[in-house]
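Heads up, the thing below is written out as structure tokens.
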Amino acid sequence: MSLTINAKKCIGCGICVQVCPVDALDLVNGIAVVDMEKCIKCGKCVKVCPTSAIDLEGYIKPKDTKPKKVVTAEEASEKCSGVWVLIEQSDGVVAEVSWELLGEARKLSKDLQAEVVGVLLGDQVEEMIPDCFAYGADTVYVIDDPVLKEYRTEPYSEALSMLVNKYSPEIILLGATTLGRDLAGHTATLVRTGLTADCTDLSIEQDTRLLRQTRPAFGGNVMATIVCTDHRPQMATVRPKVMDMPEYQKGSEGKIIRETIDIKEDDVMTKILEKVKEASGGVYLDKADIIVAAGKGVGTKENMKLVEELADVLGGTLGASRAAVEAGWIDVAHQVGQTGFTVRPKLYISIGISGAIQHLVGMQTSDTIIAINTDENASIFNVADYGIVGDLQQIVPLLTEAFRKKLSS
Amino acid sequence: MHSVVCIKQVPDVTEVKIDPETNTLVRVGVPSIVNPYDMNALEEALRLKDQYGGKVTVITMGPPMAEEILNKAVGHGADEGILLSDRAFAGADTLATSYVLSTAVAKISEEEKVDLIFCGKQAIDGDTAQVGPGIAARLKMPLLTYINGVQECDPEQNKIVVKRKVKSGYEITQTQMPAVITSNRDINDVRYETMPDLIKAARFKAKVWGNKELQLDQKQLGLNGSPTMVRDIFAPEEKQGGEKIHFNPDKPEETVDMIVNKLVPSVVVPN
């Protein structure tokens, strides 16, 4: 009987190393390695391995890593129901990701036979309610209170967890924005449930009604599907621009449920003293229709001018890979990718970007992608609609000129 | 001023790559580092100590080898380091992690009152940004995420003012200490180690707290206490890619005109 570790499946999470009662396992170069002299073949590591990378001859892995209550469809809908979306707003403007999530919630609710709920928190938010219905909400929960005027974690999280405890939703989706990630992390802890950040794909598992939450892990090098089996609600944040915008159905109506909170301004310890608008030079990557992005291949700060000129002619916004930002050629406000912005413009022109997966996850859903790179094997070409293999110093100025001519003709 | 900084040992994910032939992760030789965001959080805590005096304690939850990052933090100027390590903690998701960290902070505060808890905005391996908010929720303390620096601190009045990065710009926000703060990365330059601190780090032996010391509820720990679980892991889908054009320097117009004609006016609209 022997224990084998499939190095291809091992993700080096180290869980097996920690559960091994006899210290027979170790991580060597990020992969679990077993010392058979110490191993007592108890099977604990096999049981906890999230990727089934460990095999023990004669040992059959229990179906799940922990005793799972099988939630039947009836049970789940009895206790919890509804797919909720937090409608994120500030200064009277709703963040577009909230509408995208209402569209996604509509898709999920079809499999669940559940209603789509918009949760609108703020001060004087009445006029945003019709839009919630128009983008697909069946019901809107509203808490309209001056204490919710500016976003602060304490009152918002209190309001959201109060609603959760009272109405027991099955799923809550929030935008993976500054606000959404702050609120989701706090509320999920208050109501003691699971939360998956930055999902790029959501679906319902048929037999279990579970929300399958897929997200990039290890800087985007692998994708992981996460489930939250026996806690409710199932909470997830989703990046802006990942889900499709639903159609606006003018005049749609639904149910409005108004609630109040007890918290008073004096109870809130955090105060916003001053709000300073934009200091990053007005870069709105997430709103741009055209992005011209520079990578390491641009080579020097001087060559950035070539990229800027092309962006100018097209009326586009400058983007950049992490390498270009780290080289100091461009401000971090322009960074596209896993640690920067996720973008979905009509046109994305990538210049001198090799296409590390961290970058690709941030731009690969753009409508049209043009890539310029000297290395014809660069992975950027795998996502490009048109790839030009060649020297950017020659190509970019010609392209700029050709666009200039064509656009002015 | 007593600050506790929560730090995490992570693989340097920028070094993790996919083997294009086998489509699997290549991680041989991938080094372990301190999560970069946590180093900026530590630096911010050290600056407060420079200004107001007091103490900086670093804590980390992880396997025994995570002790080395506590030594590194001491090398940069931290006064104390505690390793939270126990087999029962293994496999924790963010909910179970914030349980251990917040209990440790409460225990530290019993011995010596804690004014501020610093975390990095997120860790580069999981990118969740959930543990900081989780600690604040559990300790019922105010939370200030994504800070770009502490602007004012008044230990007498327990008042702190920070600059927070938000979507539309910045907010200057004030709150009462004790509070939880999570920091961005580009907010400060992490100091170099000094010789005396390096010598201290070399001799430093971190305290180790397991479940014996923390007396936690087994059901809320590690895998058992983690509501989320990994169902599948797979390589990201690779698109096939479209038309590849080799630029011919002898006939430069050919390539360029082709691209321009494809894009104008259907994608790029003249105005």
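Keep in mind that what you see is a predicted model, and the values were worked out from it rather than measured. Letters A, B, ... are given to chains in the order of the sequence lines, protein chains preceding strands, and every chain is numbered from 1.
Using modelled atom types, no side-chain atom of B/Arg87 and backbone atom of A/Pro21 make a donor-acceptor pair closer than 3.5 Å. Looking at B/Lys244, its side chain does come within 3.5 Å of a backbone N or O of A/Glu376 through a donor-acceptor pair.
Proximity to chain A is limited to the side chain of B/Val161, based on heavy atoms less than 4.5 angstrom apart. In this structure, the portion of A/Thr214 lying under 4.5 Å from any heavy atom of chain B is its side chain and not its backbone. In this structure, the portion of A/Arg215 lying under 4.5 Å from any heavy atom of chain B is its side chain and not its backbone. Interface remark: A/Ala224 contributes backbone and side-chain atoms alike to the contact with chain B (heavy atom separation under 4.5 Å). Of the atoms belonging to B/Lys163, not a single heavy atom falls under 4.5 Å from chain A. Contact of A/Leu195 with chain B is made through backbone and side chain together, with heavy-atom distances under 4.5 Å. Contact of A/Val268 with chain B is not made at all, since no heavy-atom distance falls under 4.5 Å. In this structure, chain A has no heavy atom under 4.5 Å from any part of B/Ile135. Contact annotation for A/Leu399: both backbone and side-chain heavy atoms come within less than 4.5 Å of a heavy atom of chain B. Heavy-atom distances place both the backbone and the side chain of A/Asp182 under 4.5 Å from chain B. Looking at B/Asn248, there are no atoms closer than 4.5 Å to chain A (heavy atoms on both sides), in backbone or side chain.
Here the CE atom belonging to B/Met229 is positioned 9.5 Å from the CD1 atom belonging to A/Ile226, to the nearest 0.5 angstrom. Here the CD atom belonging to B/Gln122 is positioned 7.5 Å from the CG atom belonging to A/Asp198, to the nearest 0.5 angstrom. To the nearest 0.5 Å, the span separating CG on B/Asp127 from CD on A/Gln358 amounts to 9.5 Å.
Within the 4.5 Å cutoff, the side chain of A/Thr270 has no heavy atoms near those of the B/Gln174 side chain. Considering only heavy atoms from C-beta on, A/Val227 stays 4.5 Å or farther from B/Thr228 through its side chain. B/Glu253 has its side chain out of reach of A/Glu401: every pair of non-hydrogen atoms, C-beta onward, lies at least 4.5 Å apart. In this structure the side chain of B/Thr173 never reaches within 4.5 angstrom of the side chain of A/Lys271, judged on heavy atoms. Contact annotation: the side chain of B/Ile245 never approaches that of A/Val389 to less than 4.5 Å [non-hydrogen atoms, C-beta and beyond]. Contact of the B/Lys165 side chain with the A/Thr178 side chain is not registered, since no non-hydrogen atoms from C-beta on lie closer than 4.5 Å. The side-chain heavy atoms of B/Phe247 and A/Thr374, taken from C-beta on, include no pair separated by under 4.5 Å.
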Taking it one step at a time, do B/Tyr170 and A/Glu274 satisfy side chain to side chain contact (heavy atoms under 4.5 Å, CB included)? CA-CA 8 Å; B/Tyr170 296 100; A/Glu274 195 186 339; over 6 Å; no
Begin with the C-alpha distance, continue with both residues' side-chain angles, and end with the deciding distance and a verdict on side chain to side chain contact (heavy atoms under 4.5 Å, CB included) for B/Met177 and A/Met269. CA-CA 9 Å; B/Met177 297 191 286; A/Met269 286 189 271; over 6 Å; no
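Contact count against chain A (heavy-atom pairs under 4.5 Å) is highest for B/Leu263 among B/Asn261, B/Asp257, B/Thr94, B/Leu263. Of the listed residues (A/Thr193, A/Thr368, A/Ile290), the one with the most heavy-atom contacts under 4.5 Å to chain B is A/Thr193. Ranking B/Thr182, B/Ile259, B/Asp86, B/Thr255 against chain A, the residue ahead of the rest is B/Ile259, based on heavy-atom pairs under 4.5 Å. Between chain B and the options A/Glu150, A/Gln394, A/Glu154, A/Gln234, the largest number of non-hydrogen pairs under 4.5 Å is found for A/Gln394. Contact count against chain A (heavy-atom pairs under 4.5 Å) is highest for B/Ile172 among B/Val256, B/Leu143, B/Ile172. No other option in B/Glu171, B/Met65, B/Gln220, B/Gln130 has as many heavy-atom pairs under 4.5 Å with chain A as B/Gln130.
Nearest heavy-atom pair, A/Gly185 versus B/Pro133, reported as atom, atom and distance to 0.1 Å: C-CB, 3.7 Å. Closest of all the heavy-atom pairs between A/His186 and B/Ala137 is NE2-CA, 3.4 Å. Scanning all heavy atoms of the two residues, the minimum distance from A/Arg181 to B/Thr128 falls at NH2-O, 3.8 Å. Scanning all heavy atoms of the two residues, the minimum distance from A/Thr177 to B/Tyr146 falls at O-OH, 4.5 Å.
No more than 12 heavy-atom neighbours from other residues, nucleotides or ligands sit within 6.0 angstrom of NZ on A/Lys44.
Side-chain polar atoms of B/Arg231 and A/Gln213 form no donor-acceptor pair below 3.5 angstrom.
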